[in-house]
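Side chains included, hydrogens not; waters and symmetry mates left out as well; all remaining heavy atoms used.
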Amino acid sequence: MKTLYLECNAGASGDMILGSLTDLLKDPFEFKQMIECAGIPGITAEVTVDDQSSVAGIRVHIMVDGIEEGSKEESGHHDHHALKDVISIIGGLNVSDMVKSDAAQIYRIIAEAESNVHGKPVNEVHFHEVGALDAIADIVGVCMLIEKLAPEQIIASPLRTGFGTVSCAHGILPVPAPATAYILQGMPVYAGDEEGEFTTPTGAAIIKHFAEAYGQMPLMKFDDVGYGLGRKSFKTANMVRAYLGDVDEALPTVKEISCNIDDMTPEDIGGIIDLLMSAGALDAMITSAMMKKSRPGYILTCICREEDADELATVMLAHTSSIGLRMHTCERYEMGSSFITYRTDFGDVRIKVSEGYGLRKWKPEHEDMVKAAISSGVTVDEVRKSIHFDPDEEIGDD
């Protein structure tokens, strides 16, 4: 699956995400024509190669009537736009309907945050820095690049927020700024160990809109990596790194629940296996171990689907002396299985056929062989030897 992974170790801002995606283009300088042809009033752009912490990357300089975002000439001259004004500007651009929709939804995320922070209805919210034309260019530019790169899924790392205070149009505010904090609800974040604003409302809203999942980089074979450089200087390299490549379909995951037991008799603990299997466990086992105080004991382990974990944990606590359980998530290679009924001289025996990863395995069900052996007055080994099963003949070879 074609995947875009956004590594946000220094947080995220609109210009950093924009630069990282621009760097993924075969010709990064193509972005200048892309954004200038979008039709945002007064917007021009320059794409430059710069460095951050001695790492080369892309900076996209957005100018409104020749004045660059963040420059001294631009400071204090932001236009204030209501959400309807921004949506109107986006709706009139020379971009696809998908880009218009994505950009408008990102602004609605920001508007909802501003509405919550200021206690005003969304239609009364006026954007300051984020409503300026250069900020519109950042958001629309990101949406255009996402469309052009066409990933099938987007995954982001947890976001560094920073800490301390930040100066903005509303005064000096804590980091993360209130609007940023509202947007970040439900997203994995951490402060980090360096003071400053690492994630902006625009960066947070872009990630929230596009990211389908969060976490460390998945197992992927990437073809390209882009670096988008921020304007602030931190000890941490201030950049977003974007990887574009292929990710195999994720392995299914299971929960592994375990506990140590040193105060139950073998008779008492033995029955827990059947209880767990009947409650939906995929597997359950008891391992002998030497416990604290040199006591011989057992490790009880249950493997189950994630949705069954709570129920099976309850079974383990109810039917053992344990007062605590360990639980962690495991990826699991699974072969798909099905059953075929095989007619032997001693009766029918089900054959379990498992396939996957270019392999095919088969095995007769032991309980069926025991039943056939008892009913026919022969040994289980005789029943087993009577089975001449060829899965290729029975189910075909794809």
Side-chain angles (χ1 to χ4, degrees), residues 215-216 218-219 248-342 344 347-375 379-385 387 389 391 395:
Q216 298 304 313
L219 181 64
D248 291 335
E249 186 175 347
L251 292 173
T253 58
V254 294
K255 290 289 188 182
E256 185 176 292
I257 314 169
S258 63
C259 63
N260 294 357
I261 300 170
D262 65 1
D263 57 354
M264 291 181 68
T265 66
E267 291 92 344
D268 288 341
I269 196 172
I272 189 66
I273 298 295
D274 289 340
L275 287 172
L276 290 171
M277 296 303 294
S278 63
L282 297 171
D283 202 355
M285 66 211 78
I286 296 171
T287 308
S288 296
M290 189 65 71
M291 301 295 172
K292 63 177 183 281
K293 301 181 181 180
S294 299
R295 296 174 182 171
Y298 309 96
I299 300 173
L300 173 63
T301 304
C302 171
I303 298 173
C304 64
R305 299 294 182 197
E306 295 198 39
E307 59 269 22
D308 298 326
D310 288 343
E311 180 180 351
L312 288 161
T314 301
V315 171
M316 290 175 70
L317 288 173
H319 294 277
T320 71
S321 60
S322 179
I323 59 174
L325 308 172
R326 299 178 297 276
M327 183 183 299
H328 63 273
T329 302
C330 306
E331 291 184 326
R332 189 183 197 222
Y333 284 89
E334 294 182 358
M335 298 176 71
S337 298
S338 59
F339 287 92
I340 292 176
T341 299
Y342 183 85
T344 74
D348 290 346
V349 173
R350 289 174 299 156
I351 307 291
K352 185 177 182 179
V353 180
S354 301
E355 297 180 272
Y357 309 101
L359 303 171
R360 177 180 286 165
K361 301 179 180 181
W362 66 274
K363 182 181 179 181
E365 286 292 285
H366 188 263
E367 291 83 356
D368 289 4
M369 290 193 295
V370 170
K371 186 183 297 184
I374 292 173
S375 65
T379 65
V380 172
D381 192 50
E382 288 180 272
V383 176
R384 182 182 292 110
K385 288 178 178 178
I387 299 173
F389 180 76
I395 61 179

* **Gap separating the OG atom of Ser288 from the OH atom of Tyr298, nearest 0.5 angstrom** => 6.0 Å
* For the residue pair Thr253 and Glu306, confirm or rule out a side-chain donor-acceptor distance under 3.5 Å. => yes
* Asked: Going by an N to O cut-off under 4.0 Å, is there a salt bridge joining Arg305 and Glu307?
  -> no
* Structure fact -> Here the gap from Leu359 atom CG to Met335 atom CE, rounded to the nearest 0.5 Å, amounts to 5.0 Å
* To do: Evaluate whether atom CG of Asp283 has more than 12 neighbouring non-hydrogen atoms of other residues, nucleotides or ligands under 6.0 angstrom away.
  => yes
* To do: Side-chain contact test, heavy atoms from C-beta onward, threshold under 4.5 Å: evaluate it for Met291 versus Ile299 and give yes or no.
  => yes
* Asked: Are side-chain heavy atoms of Leu276 and Leu312 found at a separation under 4.5 Å?
  -> yes
* Would you say Arg384 and Val380 make side-chain contact, with heavy atoms under 4.5 Å? -> yes
* Asked: For Leu219, does the CG atom sit with more than 12 other heavy atoms under 6.0 Å from it, leaving out its own atoms?
  -> no
* Does a side-chain heavy-atom distance below 4.5 Å link Ile272 with Met264? -> no
* Check the pair Val315, Thr320 against side chain to side chain contact (heavy atoms under 4.5 Å, CB included), reporting the backbone distance first and the verdict last. => CA-CA 8 Å; Val315 171; Thr320 71; over 6 Å; no
* Asked: Is Val383 close to Val370 at the side-chain level, that is, under 4.5 Å between some pair of heavy atoms?
  -> no
* **Heavy-atom check, side chain of Phe389 versus side chain of Ile340, under 4.5 Å** => yes
* To do: Measure the spacing between CD1 of Ile286 and SG of Cys302 and express it to the nearest 0.5 Å.
  => 11.5 Å
* Asked: Step by step, would you call Ile387 with Met369 a side chain to side chain contact (heavy atoms under 4.5 Å, CB included)?
  -> CA-CA 10 Å; Ile387 299 173; Met369 290 193 295; 4.2 Å; yes
* Arg326 vs Ile257 side-chain heavy atoms within contact, under 4.5 Å -> no
* Are any side-chain N or O atoms of Glu311 and backbone N or O atoms of Asp308, one a donor and one an acceptor, separated by less than 3.5 Å? -> no
